[in-house]
Amino acid sequence: MTESRYRKLCVASTLVYAICFAGPAIGQTADAALESDAEASRGETSSASVGEIVVTAQKREESVNRVGMSISAFTGDTLTSLGIADVAELVKIVPGFSFAKGNYGTPVYTLRGIGNNEPTLAGSPTVSVYVDEVPLPYSNMTEGASLDMERVEVLKGPQGTLFGQNSTGGAINYIAAKPTATREGGFELGYGRFNTVTAGGFVSGPLSDTLRIRLAGRKEYGDPWQRSATRPNDRLGKTDKAAGRLLLEWTPSDRATLLLNLNGWTNQSDALAGQFVGAINPRAPAALRAQLVPTGNARVADWDPGTDFSVDDDFWQAS
């Protein structure tokens, strides 16, 4: 063996020995670093747990971060601050959720592209809405579902196992704010375009050591906003809605709680008139073909003079 090859072999042996000797130390250092990161992570989790959202998506209370499904959850304060007052407005904050109206004004809720464009009032939806786990079987019943909320949970994907039929696309679970052990109250007032005024509030507190009560209500009124294309002074589209809820919570023992929920809503608003898009049939009546060319203005529509477009809907529920 030449002297040059002998030196190379000695250097290689020394490097192998050094790596074998340092390996355990490097592993220990890495393990220590991982433990340090884990402790830091636990610390961050502990800090983040303060103010975390607790959901009941799987019929039991647990942190939203521990639920093994795609879920969007928002507190009632968040909904109020963002001005979200009904189910349709959840499109602003829930990815994958969309809202449209059927041919006759029936709400159509869609999650991840799964929806049922059924125009009839009694058409079964594929995305159902629940209030305190009580289903609203038809989408037309969801007008007052978002009144005085503790939180809302939007569960994406089929939920038939826990929520039954009509939840192929998912489920929207509203949790109403419950009666409190101390006297509380609140009030909100909003003003928007077309003189739209929204007012609401609640009062809550104990009636006795075992009985608590919470009363909440909301009223919304707005001026008409649609204009007639042929009669510029005619207006349509007023808003006139009201909703209320009474909760009575009775706790006769540490192992039993009974909750009585009486709620309802009314809608005396105007139905909207259709907008003229164009006459497809060249043989259409002259009166139809003489309509004004669409302007692209969403406020311009037309309807027969003297027609009553007032809606007269009301809903009452006890659970």
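- Residues W265 and V87 are members of one and the same hydrophobic cluster, defined by side-chain heavy-atom contacts under 4.5 angstrom among Ile, Leu, Val, Met, Phe, Trp and Tyr.
- A cation-pi arrangement is present between R231 and W303 under the rule of less than 6.0 angstrom and at most 45 degrees off the ring axis.
- Rounded to the nearest 0.5 Å, atoms CG (D148) and CZ (R245) are 6.0 Å apart.
- A donor and an acceptor atom, one from each side chain of D302 and T230, are located under 3.5 Å apart.
- No donor-acceptor distance shorter than 3.5 angstrom exists from the side chain of R255 to the backbone of P252, with no hydrogens or angles considered.
- Under the 3.5 Å distance criterion, the side-chain polar atoms of T196 are left unmatched by any main-chain donor or acceptor of G192.
- Between the R112 side chain and the G96 main chain, no donor and acceptor come within less than 3.5 Å of each other.
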field: Residue pair T106, N140: steps toward the side chain to side chain contact (heavy atoms under 4.5 Å, CB included) verdict
entry: CA-CA 6 Å; T106 305; N140 272 305; 3.7 Å; yes
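- Donor-acceptor pairing under 3.5 Å is lacking for the side chains of S139 and T142.
- Here F99 contributes atom CZ and D86 contributes atom CG; the two are 7.5 Å apart, rounded to the nearest 0.5 Å.
- Closest approach of E184 to T180, counting heavy atoms only: OE1-CG2, 3.6 Å.
- Between S98 and Y109, the side chains place no donor N or O within less than 3.5 Å of an acceptor N or O (distance only, hydrogens not considered).
- The OG atom of S319 sits 8.0 Å away from the CG atom of L247 when rounded to the nearest 0.5 Å.
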message: Quick one, E89 with S146, criterion side chain to side chain contact (heavy atoms under 4.5 Å, CB included). Give me CA distance, side-chain angles, the key distance, then yes/no.
response: CA-CA 10 Å; E89 293 179 343; S146 60; over 6 Å; no
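- The only member of D313, D240, D312 that meets side-chain hydrogen bond (donor to acceptor under 3.5 Å, both in side chains) when paired with Q268 is D312.
- Between N261 and N263 there is a side-chain heavy-atom pair separated by less than 4.5 Å.
- Here the CD1-CG distance, from I93 to L79, works out to 5.5 Å after rounding to the nearest 0.5 Å.
- Checking W316 against D314 by side-chain atom types alone, a donor-acceptor pair falls below 3.5 Å.
- Using a 4.5 Å heavy-atom threshold, the side chains of L207 and E249 count as separate.
- In this structure, a donor-acceptor pair under 3.5 Å is absent between the side chains of T126 and N116.
- Rounding to the nearest 0.5 Å places CD of E220 at 4.0 Å from OG1 of T198.
- Between the NZ atom in K241 and the OG atom in S269 there is a gap of 5.5 Å [rounded to 0.5 Å].
- With contacts defined as side-chain heavy-atom distances shorter than 4.5 Å, the pair Q226/R235 does not qualify.
- Under a hydrophobic-cluster definition in which Ile, Leu, Val, Met, Phe, Trp and Tyr are linked whenever side-chain heavy atoms come within less than 4.5 Å, directly or via other members, Y174 and F202 are assigned to different clusters.
- For the pair T239 and W225, the minimum side-chain heavy-atom distance is 4.5 Å or more.
- Within the 4.5 Å cutoff, the side chain of E153 has heavy atoms near those of the I175 side chain.
- Side-chain contact between L136 and V131 is present, with heavy atoms from C-beta onward closer than 4.5 Å.
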